[in-house]
Amino acid sequence: MAETESRPTNFIRQIIDKDLQSGLHSSVTTRFPPEPNGYLHIGHAKSICLNFGIAKDYQGSCNLRFDDTNPDKEDIDFVNSIKDDVQWLGFQWNGQERYSSGYFDQLHGYAVELIEKGLAYVDFSSQEQMREMRGTLKEPGTNSPYRDTSVETNLAEFAKMTAGEYTEGHCVLRLKIDMTSAFMCMRDPVIYRVKFAHHHQTGDKWCVYPMYDFTHCISDAIEGITHSLCTLEFQDNRRLYDWVIEHISIDTQPRQYEFSRLNLEYTVLSKRKLIQLVDEKHVFGWDDPRMPTIAGLRRRGYTPESVVEFCKRIGVTKMDNMVEMSMLEACIRDDLNANASRAMAVLDPIKLIIENYPDDQVENLTAPNHPSDENKGTRQLPFSKEIYIEADDFREEANKKYKRLVLGKEVRLRNAYVVRADRIEKDADGNVTTVYCHYDEQTLGKDPADGRKVKGVIHWVSASQGLPAEIRLYDRLFTVPNPAAEEDFAACINPQSLVIKHGFVEPSLADAEIGNALQFERTGYFCKDKDSREGRLVFNRTVGLRDTWTKTDN
RNA sequence: UGGGGUAUAGCCAAGCGGUAAGGCAGCGGGUUUUGAUCCCGCCAUUCGUUGGUUCAAAUCCAGCUACCCCAGCCA
């Protein structure tokens, strides 16, 4: 595909360049740290490409770490799908995958250390009380009555928490920082809560679980992460990240840098909303081809190369953004134009009968699989007296701008002969059902000998040899560019996001591979769906061909 | 006067004191047995705004404006 050859340059790579030049670091270690509470989406792809891309370009390494500190929301199925998706994108993490839960013992030890230093305390205030004491954005908070509990008592109480002697919500372990800080996250943040939940990695070993802010920075430090990259909403949390690292006995010093998350028009990219789409059955599942998930894009026919290229094109900055869908579509078209084999399929068939063609003759025409890449070879295309053409490709009358078949005029059948439409048959509703025509048998592979010009070319499928197929056409999932900004985003789901056609495809597609990209000429890019069964072909439209005609004229 | 961030074309985005890259989209034209592809051309006298410093400012300074994030025992 047409890749932008230059290496990406962005503010994070500039920081890394500086750190390497100054000798602060001699190598780079990054990490991709998803919480296994859902499937990965295209926004995660941006982070994956950033983290793994940096590791690759700087000869460093990138860890895959599951940030699994909240067993209520997490599931082993999600960790498996995430591993699959990262590998599908073409990246390999350093060694085994890691888990924050793998550090629970160490994390607990650091919590005890902070208690011993008088920097953490067990708080028995209710959640409501804690909220009141936290203050507001403009007013400082007030100290908890438990803030001055002795170290010995705190040690004992935390031990009891850990031993399961307190119920959920009864108490938490908090850091003792500053209840008047302008950073809300520094107002004595909770770092451990009681939770009697089964964990997919640690089972029932724990009934206290550490919070994100306490876990993430320490996990980074344990793994020797040099540059911890996350999204903008964690900018305030960086103060807490640094505070924790500074106050525990650990000798590495990871630094956090934040970049803006991806927003894509006409879809949603928040885990919560995607979960809702699946749970409320607005889509058929996480891998529904309309979903912006990696699994959905894959099933839709997007290639890993196209997704990586997209991430390269959108760049990495700190600016809030809303990327147009056309950017993503351009990436997959670039890839598939170069790499997809061509085929013919008729989505809205009407019959075309060639009256001067022998009744039972079936001719095997040879067609190239790609217009410019001869290495892709050729295929056999059976031609017969009765064929299907697209209903849109015929009109009883039309102006000269219409380059298809018109009654009394000629058109080229792609890879075959020139035909002239003579008469038609209509159904009760007045729709054309059959076009009768004559073909010029001298026009196979060459223009008419008498020099007459035939400007139009239309695709077709032999009626007797073609295979019936279900063809699924996808459109944007939402009717508005920014559904996340709506009061009820689910109310903006596009009712036309899936349109099913029953058409015919050329017989060479009988054993197409699931997911393998094809171009249905003049129509778009497609791939066979996993729902296909013996005798029941199902194709997904990945993206239509660029179309500068139906847009303007018609 | 809570704090933290961000402002360059319709969208994404380079730029880092020396006179506005690139991509997407769009618009013209050429080639074409895909209205695709490909090719050629056009598309910011101006960088949120107002001042200041300078021979020189998108880049430095000050004020202003707009937008995003923060008051989970979520991440």
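So that the names make sense, note that chain A is the first sequence line, chain B the second, and so on, each numbered from 1.
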For [X], report the nucleic acid contact type (base, sugar-phosphate, nothing); a contact means any heavy atom under 4.0 Å.
| X | value |
| --- | --- |
| A/Gln127 | base |
| A/Gly445 | base |
| A/Thr443 | base |
| A/Asn415 | base |
| A/Arg238 | sugar-phosphate |
| A/Ser125 | base |
| A/Thr136 | base |

* Asked: Centroid-to-centroid, A/Phe504 to A/Tyr388, below 6.0 Å?
  -> yes
* Asked: How about A/His200 and A/Phe78: are their ring centres within less than 6.0 Å of each other?
  -> no
* To do: Applying salt bridge (Lys or Arg N to Asp or Glu O under 4.0 Å), name anything that partners A/Arg131, two or more places apart in sequence or on another chain.
  => none
* Below 3.5 Å, does any donor atom in the side chain of A/Arg412 face an acceptor in the base of B/U33, or the other way round? -> yes
* Asked: Considering Watson-Crick and G-U wobble pairs with both distances under 3.5 Å, what does B/U6 pair with?
  -> B/A66
* Under the salt bridge (Lys or Arg N to Asp or Glu O under 4.0 Å) rule, what pairs show up with a residue in residues 438-447 of chain A, not counting sequence neighbours? -> A/Arg412-A/Asp447, A/Asp440-A/Arg452
* Asked: What pairs of residues pass the salt bridge (Lys or Arg N to Asp or Glu O under 4.0 Å) test when at least one of them lies in residues 67-79 of chain A, not counting sequence neighbours?
  -> A/Asp72-A/Lys195
Restricting to side-chain contact (heavy atoms from CB on, under 4.5 Å), what partner residues turn up for [X], sequence neighbours left out?
| X | result |
| --- | --- |
| A/Thr9 | A/Gln14 |
| A/Ser508 | A/Arg379, A/Glu506 |
| A/Leu444 | A/Glu363, A/Leu365, A/Tyr417 |

* Structure fact -> So, with a heavy-atom separation below 4.0 Å from RNA chain B, the residues of residues 66-76 of chain A are A/Asp67, A/Thr69, A/Asn70, A/Lys73
* Asked: Between residues 185-195 of chain A and RNA chain B, which residues have a heavy-atom gap below 4.0 Å?
  -> A/Val190, A/Arg193, A/Lys195
* Between B/G23 and B/G41, how far is it from one P atom to the other, in whole Å? -> 12 Å
* For the side chain of A/Arg134, counting heavy atoms from C-beta on, which of B/A71, B/G2, B/G35 is nearest? -> B/A71
* Of all the nucleotides listed (B/G2, B/G35, B/G4), which has the minimum atom distance to the side chain of A/Asp236? -> B/G4
When you compare the side chains of [X] and [Y], does any donor N or O come within less than 3.5 Å of an acceptor on the partner?
| X | Y | result |
| --- | --- | --- |
| A/Thr267 | A/Arg476 | no |
| A/Asp220 | A/Tyr241 | yes |
| A/Glu258 | A/Gln256 | yes |

* Going by 5.5 Å between centroids and 30° between planes, is there a stack of A/Trp549 over B/G35? -> yes
* Quick one: do A/Asp320 and A/Ser260 satisfy side chain to side chain donor-acceptor pair (under 3.5 Å)? Show the steps, please. => CA-CA 6 Å; A/Asp320 289 330; A/Ser260 55; 5.8 Å; no
* To do: Indicate for each nucleotide in nucleotides 11-16 of chain B, in 5' to 3' sequence, whether protein heavy atoms under 4.0 Å reach the base (B), only the sugar-phosphate (S), or nothing (-).
  => SSSSSB
* Structure fact -> 5' to 3', nucleotides 36-44 of chain B under a 4.0 Å protein heavy-atom cut-off (B base, S sugar-phosphate only, - none) gives SS-------
* Asked: Among all residues two or more places apart in sequence or in another chain, which pass the ring pair (Phe, Tyr, Trp, His ring centres under 6.0 Å) test with A/His459?
  -> none
* For A/Tyr166, what residues pass the ring pair (Phe, Tyr, Trp, His ring centres under 6.0 Å) criterion, not counting sequence neighbours? -> A/Phe124, A/His170
* To do: Decide, for B/G30, between syn and anti: a glycosidic angle within 90° of 0 counts as syn, anything else as anti.
  => anti
* Once you round it to whole Å, what is the distance between P of B/U32 and NE2 of A/His459? -> 22 Å
